[in-house]
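These numbers were taken from a predicted model, which means no experiment stands behind them. When a ligand or atom number is given, it counts from 1 through the structure's own listing order. By convention here, the first residue in the shown sequence is residue 1.
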Amino acid sequence: MHSWRISKFKLGRSKEDDGSSEDENEKSWGNGLFHFHHGEKHHDGSPKNHNHEHEHHIRKINTNETLPSSLSSPKLRNDASFKNPSGIGNDNSKASERKASQSSTETQGPSSESGLMTVKVYSGKDFTLPFPITSNSTILQKLLSSGILTSSSNDASEVAAIMRQLPRYKRVDQDSAGEGLIDRAFATKFIPSSILLPGSTNSSPLLYFTIEFDNSITTISPDMGTMEQPVFNKISTFDVTRKLRFLKIDVFARIPSLLLPSKNWQQEIGEQDEVLKEILKKINTNQDIHLDSFHLPLNLKIDSAAQIRLYNHHWISLERGYGKLNITVDYKPSKNKPLSIDDFDLLKVIGKGSFGKVMQVRKKDTQKIYALKALRKAYIVSKCEVTHTLAERTVLARVDCPFIVPLKFSFQSPEKLYLVLAFINGGELFYHLQHEGRFSLARSRFYIAELLCALDSLHKLDVIYRDLKPENILLDYQGHIALCDFGLCKLNMKDNDKTDTFCGTPEYLAPEILLGQGYTKTVDWWTLGILLYEMMTGLPPYYDENVPVMYKKILQQPLLFPDGFDPAAKDLLIGLLSRDPSRRLGVNGTDEIRNHPFFKDISWKKLLLKGYIPPYKPIVKSEIDTANFDQEFTKEKPIDSVVDEYLSASIQKQFGGWTYIGDEQLGDSPSQGRSIS
Ligand SMILES: Nc1ncnc2c1ncn2[C@@H]1O[C@H](COP(=O)(O)OP(=O)(O)OP(=O)(O)O)[C@@H](O)[C@H]1O
């Protein structure tokens, strides 16, 4: 049985790192902020979010007590008032919260060139499957009768006509059960694109696709037609706050396993074709199969304020040739209209952090689903976290990497700050790792490669992430990485710049942080090594329940590997986990890591285009599905809680940095709104 580490602490920031030295911030300076949680699962197997109030004790300790030189254990303060210092959970839907949001002061997303992009999907053609299907007429007749080909239901004569044509498509060669096969090129000609399952009034698509823009997803399902020629007639609108260069389209099929040829045939073909074997395995376990994808280039560098048509009834041929889609894409630049909480329907509570809660929301105009992180200003100020909260917003707004959760908008009310992020619904890597104990080599490599790109994009912006760990890594609906929680980022760190704040999470702390020697970007490569080790073995290499002992191990214990450990992974880990940062792999740039033999089969260009199919697809039913979030949160009523806290003008001024663009700023000084550094 896998033994999971039982406790973790997150070390907060100290004053050296926080430039906010003004008035109120000064008072509580010098205290470290600790988070503590148990890595457990609910009895029903649902993810237990580590941020939940019951496990999440926030403790204040004297920073000096945590210094590694003493290697002393942090002291727990049993003060009930610390259990819920933010007042989160005191939700109270009163009219006054509306008032607060209505007086919302500003802002719009990260680009002044924001707009709306509308995608219309009409129909598809030439869709095929990568395998033949059974020609069993009883099965096929049943399927045809339940599908919707040309109208709201199929009439008997239509089905009979198709059944008569079937022998034309039958292949002479039979599978070993003596059943003829319908060739893959013909199979989709008569299978309905949607079928009505017995007892259901809604049709279930056998073929559907997703359109992804800036990590926002829309699922498009056909209304009628065959799998070969599905009819969609759907419109979806995306909020554009960054000029991304393409739309990503992925096509999935949901094939009932009874359509497959016999088990013998499947076994024979599986021995010859690994890819097909995987596909058949998925169908037999009721999973959707990823058929094909396409990157549709977008030219959003448009000066005109008028709506512009980027594609007009355009046929796109999918990359692997499994079909074509007919679409129209329009783009309409929009004014920097201020947003407020009233622009969103609050759907579900999905998480809680130290400064506020995270809710799943729907933007009323575009109907797009987002994650809204609400942070209480007074609490941020009392914890000296102004600079870091602003830094989180800045990093999120500036960074452009497919593996980092993108910020869509930020706005504020007099009492709160709000971040609107892409909603990532595959669950935390923490939960998946806990559930499975450890990951396979291939799966670990995939996640580490995507995280390497995420960290590299931060380093290119002179940002150190400092808090890599499974809890801060989300999986999207396909299983790609989305790094979140930028609250510990350090900005303006050129390659050789050093900082010395003692922060991070104990298991992941680099030796130079423990020794207080000052550190550079290379701390992120240390944490990447710890994470790879944890994914492959189930525990971080120097883990100990006793934190001071763990610190000692980080500084002194030899790096040990289980028998049979992959040699390339071992070599990479020895490089990343070099205690001397000047000799650590990556000190001369990310390419040093990219070029390591561990990644020899990876095309970094393809990876950056999300071009590899993730080794694991989380169970996500739709873009609003919250099954991968803790029910403790999702069953809560989603309301923007009332806060009656008066903040002085000088305090409000500190949040001027929240304003990225826009005419209105809270701060007196215009420069405050432009720069955090
Ligand atoms: N974009 C997102 N999509 C889906 N879920 C999210 C998103 N952002 C955050 N969450 C969920 O909300 C939780 C809390 O978010 P986050 O970690 O950003 O808050 P925090 O206040 O910074 O937390 P902490 O106190 O751990 O620093 C996350 O653990 C995650 O489960």
Side-chain angles (χ1 to χ4, degrees), residues 8-13 32-37 39 46-53 55-59 84-86 88 214-217 347-362 368-376 379-380 383 385 388-393 395-396 403-410 416-432 434 465-477 480-489 503-505 508 618 620 623-634 636 638:
K8 285 193 283 182
F9 303 85
K10 176 172 173 176
L11 309 174
R13 310 111 180 184
L33 179 68
F34 276 63
H35 301 188
F36 171 82
H37 75 270
S46 64
K48 192 163 193 166
N49 193 312
H50 60 287
N51 285 327
H52 189 256
E53 294 292 333
E55 295 102 47
H56 194 169
H57 309 278
I58 297 169
R59 298 179 285 159
N84 190 2
S86 63
I88 297 165
D214 208 10
N215 283 56
S216 280
I217 317 290
L347 304 180
K348 289 269 169 69
V349 179
I350 50 172
K352 280 179 183 170
S354 1
F355 297 96
K357 66 183 168 189
V358 184
M359 284 181 284
Q360 182 202 43
V361 297
R362 184 188 287 117
K368 283 284 166 291
I369 304 294
Y370 294 113
L372 179 102
K373 191 167 166 176
L375 309 151
R376 270 182 53 214
Y379 188 66
I380 293 167
K383 296 286 170 193
E385 292 288 329
H388 289 91
T389 308
L390 296 178
E392 176 171 13
R393 204 275 292 126
V395 171
L396 282 166
F403 309 120
I404 290 182
V405 56
L407 176 73
K408 298 298 293 189
F409 309 97
S410 54
K416 289 187 188 174
L417 301 173
Y418 298 89
L419 292 169
V420 183
L421 304 154
F423 174 57
I424 310 290
N425 59 358
E428 291 178 15
L429 197 72
F430 177 77
Y431 163 68
H432 294 288
Q434 192 182 346
Y465 181 66
R466 298 199 289 200
D467 203 17
L468 194 67
K469 56 178 173 179
E471 294 87 328
N472 287 342
I473 300 164
L474 298 172
L475 291 187
D476 73 11
Y477 76 107
H480 289 286
I481 291 290
L483 190 61
C484 73
D485 196 352
F486 289 78
L488 282 191
C489 276
C503 66
T505 299
Y508 283 74
V620 177
E623 51 260 50
I624 60 163
D625 189 5
T626 53
N628 288 308
F629 294 87
D630 192 339
Q631 281 177 21
E632 294 286 337
F633 298 130
T634 51
E636 237 182 67

Contact partition for A422 relative to ligand 1, non-hydrogen atoms under 4.0 Å = backbone

Aromatic ring pairing F423/F629, orientation class (parallel under 30°, perpendicular over 60°, tilted between) | parallel

Taking both backbone and side-chain atoms of D485, is any N or O found less than 3.5 Å from an N or O belonging to ligand 1?
-> yes

So, does F629 sit close enough to ligand 1 that a heavy atom of it is under 4.0 Å from the ligand?
-> yes

Per-atom contacts, ligand 1 versus A371 - under 4.0 Å to a heavy atom | 1 (N), 2 (C), 3 (N)

For K368 and S216, test the side chains for any donor-to-acceptor distance below 3.5 angstrom and give the result as yes or no.
-> no

Among N472, L375, V358, whose heavy atom sits nearest atom 15 (O) of ligand 1?
-> V358

Return yes or no for this condition: an N or O of K352 is under 3.5 Å from an N or O of ligand 1.
-> no

Spell out, as yes or no, whether a donor-acceptor pair under 3.5 Å connects the side chain of N472 to the backbone of D467.
-> yes

Is the closest side-chain heavy-atom distance between Y418 and L372 below 4.5 Å?
-> yes

Check V405, I424, L468 against L483 for a side chain to side chain contact (heavy atoms under 4.5 Å, CB included) and give me the one that passes.
-> L468

For L421, the atoms of ligand 1 under 4.0 Å from one of its heavy atoms are 1 (N)

Any donor-acceptor N/O pair, H432 side chain to P618 backbone, under 3.5 Å = no

Sub-4.0 Å atoms of ligand 1 with respect to non-hydrogen atoms of I350 | 4 (C), 5 (N)

What's the shortest heavy-atom distance between K469 and T505, and which atoms?
-> NZ-OG1, 3.1 Å

Quick check: does L474 get an N/O under 3.5 Å from an N/O on ligand 1?
-> no

For I624, does its backbone N or O pair with a side-chain atom of Q360 as donor and acceptor, under 3.5 Å?
-> yes

Given that the side chain starts at C-beta and the backbone is N, CA, C, O, which of these parts of E428 lies under 4.0 Å from ligand 1, counting heavy atoms, or is it both or neither?
-> side chain

For ligand 1, which atoms have a heavy atom of V405 less than 4.0 angstrom away?
-> 1 (N)

Taking only heavy atoms of G351 into account, list the atoms of ligand 1 that are under 4.0 Å away from them.
-> 12 (O)

